[in-house]
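One structure is given here, and the rest of the page talks about it.
Quick note: numbers below take in every heavy atom, side chains included, and nothing from hydrogens, waters or symmetry partners. Throughout, numbering of the chain's residues begins at 1 and tracks the sequence.
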Amino acid sequence: MTLQLTSKTGITFDIIKATDRYFLMTTSRSERVFTLYHRCTVSLAEDKFPCYEDGSHVRSFGLIGGTQIRRSWDTVMSKMTCFNVRILEYVGDMEFSSTRICFAPSLKALWDKLEEEMVDYRGRGEYLSDSDRWDYGETIAKIDDVSPVDRDVAKLAIQHQITSLWLWV
């Protein structure tokens, strides 16, 4: 399934990559790749102009409506699973807990990304296999729990700044 957006001037863009921050798009009217910073993860979709690589707006191609942007974002999100990741951190003998939202196509894909990200979570860390923790020198951290959560609830919690989006896989 190809995702497309059509500007208010009738120019159709094909979305070639979607992330939590932007869509990369192409159109038959240009050789260039355009970016649309949708901000759907943290706010409601608004009418937006596509951008050139330098960030300047492409006003000649027209605005893309917020409703279209939201629908495309919802289609992207429907292919992702939302996870709540709880991390325990230790400083001396004190324990601190934090939770973050992550989006991934599967639990395996998320675990692969978590293993990669934990190396630099609090600076350069070393994995301690005997305790399943990461040692960052003055602090130690471990992934305590990873559980799927409702996508719409997580989206609202992020938009209302109750929690933050950590990883997009």
Side-chain angles (χ1 to χ4, degrees), residues 1-87 98-122 141 143-169:
M1 181 178 151
T2 302
L3 285 176
Q4 294 183 323
L5 294 171
T6 302
S7 71
K8 293 183 178 185
T9 57
I11 296 173
T12 299
F13 293 89
D14 293 318
I15 298 173
I16 58 173
K17 180 180 180 182
T19 75
D20 57 317
R21 295 185 181 103
Y22 59 84
F23 296 137
L24 287 183
M25 310 177 306
T26 59
T27 181
S28 62
R29 298 206 182 182
S30 175
E31 301 270 327
R32 299 177 99 169
V33 174
F34 300 93
T35 305
L36 182 87
Y37 296 97
H38 58 72
R39 298 186 39 79
C40 289
T41 308
V42 294
S43 65
L44 298 174
E46 301 172 350
D47 293 358
K48 299 268 184 182
F49 286 104
C51 296
Y52 290 117
E53 289 174 15
D54 67 0
S56 62
H57 295 280
V58 186
R59 296 187 189 284
S60 62
F61 285 178
L63 275 172
I64 297 174
T67 302
Q68 272 194 79
I69 294 168
R70 188 192 79 248
R71 284 186 189 137
S72 291
W73 177 245
D74 288 344
T75 301
V76 169
M77 291 293 290
S78 71
K79 296 173 177 64
M80 302 293 273
T81 302
C82 181
F83 296 94
N84 190 47
V85 176
R86 187 166 92 116
I87 298 174
S98 63
T99 60
R100 305 254 174 37
I101 298 295
C102 301
F103 289 97
S106 68
L107 182 58
K108 182 188 178 331
L110 177 61
W111 273 110
D112 291 346
K113 186 68 172 176
L114 285 172
E115 288 175 9
E116 181 183 310
E117 289 294 318
M118 288 304 288
V119 172
D120 297 316
Y121 181 70
R122 292 270 182 230
I143 298 170
D144 184 54
D145 182 54
V146 176
S147 55
V149 293
D150 181 85
R151 187 180 310 113
D152 293 328
V153 171
K155 192 164 78 170
L156 286 172
I158 292 167
Q159 288 174 348
H160 290 286
Q161 299 176 352
I162 295 168
T163 188
S164 61
L165 175 64
W166 182 33
L167 296 176
W168 177 270
V169 181

State whether the side chain of [X] and the backbone N or O of [Y] hold a donor-acceptor pair below 3.5 Å, judged by distance alone.
X	Y	result
Asp47	Gly66	yes
Ser30	Thr26	no
Ser7	Ile11	yes
His38	Cys40	yes

Write down the atom of [X], the atom of [Y], and the distance for their closest heavy-atom approach.
X	Y	value
Gln68	Leu5	OE1-CA, 3.4 Å
Cys82	Ile101	SG-CG2, 3.6 Å
Thr81	Pro148	CG2-CB, 4.4 Å
Ala109	Val169	O-CG1, 3.9 Å
Val58	Cys51	CG2-C, 3.8 Å

So Thr99 and Val85, side-chain contact (heavy atoms from CB on, under 4.5 Å) or not? Walk me through it. CA-CA 5 Å; Thr99 60; Val85 176; over 6 Å; no
Could you check whether Phe34 and Phe61 have their ring centres less than 6.0 Å apart? yes
For Phe103 together with Trp166, are the ring centres under 6.0 Å from each other? no
Are [X] and [Y] packed together at the side-chain level, in the sense that at least one heavy-atom pair is separated by less than 4.5 angstrom?
X	Y	result
Tyr37	Phe23	no
His57	Tyr52	no
Ile87	Asp144	no
Thr12	Thr27	no
Glu116	Asp112	no
Lys17	Tyr22	yes
Val149	Phe83	no
Ile64	Met25	yes

Roughly how far, to the nearest 0.5 Å, is the [atom2] atom of [Y] from the [atom1] atom of [X]?
X	Y	atom1	atom2	answer
Ile15	Ser72	CD1	OG	4.0 Å
Leu156	Ile162	CG	CD1	8.5 Å
Leu114	Cys102	CG	SG	5.5 Å

Taking CZ in Arg100 as the centre, count heavy atoms belonging to other residues, nucleotides or ligands within less than 6.0 Å. Is the count above 12? yes
Arg151 atom CZ, over 12 foreign heavy atoms within 6.0 Å: yes
Whether Asp150 and Lys155 form a salt bridge (side-chain N of Lys/Arg under 4.0 Å from carboxylate O of Asp/Glu) is what I want to check. no
